[in-house]
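First up is the structure itself, then whatever we jot down about it.
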Amino acid sequence: QVQLVQSEGGLVQAGGSLRLSCVASGLTFTNYALGWFRQAQGKEREFVASISRSAVATVSADSVKGRFTISRDNEKNTMYLQMNRLKPEDTGVYYCAVRFAFTLDNIYRRASEYDDWGQGTQVTVSS
């Protein structure tokens, strides 16, 4: 069965950086598009970023564009979210997700499009 294990998040000051990772097992990693989502307290889960199977295509939410970068390491079955210039509004629980994809270059923005999810990790940005 598919298992996604996320690294710990943490507490960081505004303007700081943090890198999240997510290790996948129980799947052929290269057959999956990947995504990151987040959920602030009292709010719905929202899209953060997605990367295609080929890693050629990536997309980020407007709120994080230019600050967050999604990447993948197929050798390690691992996906990453590099978060720079963090803001207090980036605070929330971050989730990684995978979606089986027939095409190499598709990315996916909706949570309902993903098959499996990580356990979530708390990121708190202090002002």
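Only a predicted model underlies this, so the values are computations on that prediction, with no experimental measurement involved. Along the sequence shown, residues carry numbers from 1. Values reported hereafter were calculated over all heavy atoms of this structure, with side chains retained and with hydrogens, waters and symmetry mates removed.
- The shortest side-chain heavy-atom distance between Val123 and Arg38 does not fall under the 4.5 Å cut-off.
- Rounding to the nearest 0.5 Å gives a distance of 11.5 Å between CZ of Arg99 and CZ of Arg53.
- Under the side-chain contact (heavy atoms from CB on, under 4.5 Å) test applied with Leu27, the options Asp115, Asp116, Val98 reduce to a single match, Val98.
- Looking at every heavy atom in both residues, Tyr80 comes nearest to Thr78 through CZ-CG2, 3.5 Å.
- The heavy-atom pair separating Asn106 from Ser52 by the smallest distance is O-CB, 3.3 Å.
- Around atom NZ of Lys65, more than 12 heavy atoms belonging to other residues, nucleotides or ligands sit under 6.0 Å away.
- There is a side-chain donor-acceptor pair under 3.5 Å between Asp105 and Ser54.
- Residues Phe100 and Ile70 fall within the same hydrophobic cluster, defined by Ile, Leu, Val, Met, Phe, Trp and Tyr side chains chained together at heavy-atom separations under 4.5 Å.
- With hydrogens and angles disregarded, no donor-acceptor distance shorter than 3.5 Å links the side chain of Arg109 to the backbone of Ser50.
- Listed by chain and number, the hydrophobic cluster partners of Tyr114 are Phe37, Phe47, Val59, Val93, Tyr95, Ile107, Tyr108, Trp117, where partners are ILVMFWY side chains within reach of under 4.5 Å, directly or through others.
- The nearest pair of heavy atoms linking Phe29 to Asp73 is CE2-O, 3.9 Å.
- A donor-acceptor contact shorter than 3.5 Å links the side chain of Gln119 to the backbone of Gln6.
- When side chains are defined from C-beta on, Met83 does not count as touching Val48, because their heavy atoms never get closer than 4.5 Å.
- Here the OG1-CG distance, from Thr30 to Asn77, works out to 8.0 Å after rounding to the nearest 0.5 Å.
- Side-chain contact between Phe68 and Leu86 is present, with heavy atoms from C-beta onward closer than 4.5 Å.
- Using a 4.5 Å cut-off on side-chain heavy atoms (C-beta onward), Cys96 and Leu20 make no contact.
- Leu81 and Val12 fall within the same hydrophobic cluster, where Ile, Leu, Val, Met, Phe, Trp and Tyr residues are linked whenever their side-chain heavy atoms come under 4.5 Å apart, directly or through other members.
- Note that the CG atom of Leu34 and the CG atom of Asn74 stand 8.0 Å from one another [nearest 0.5 Å].
- Among residues at least two apart or in separate chains, side-chain hydrogen bond (donor to acceptor under 3.5 Å, both in side chains) pairs with a member in residues 9-26 are Ser7-Ser21, Ser17-Asn84.
- Val2 and Phe102 fall within the same hydrophobic cluster, defined by Ile, Leu, Val, Met, Phe, Trp and Tyr side-chain heavy atoms under 4.5 Å apart, directly or through other members.
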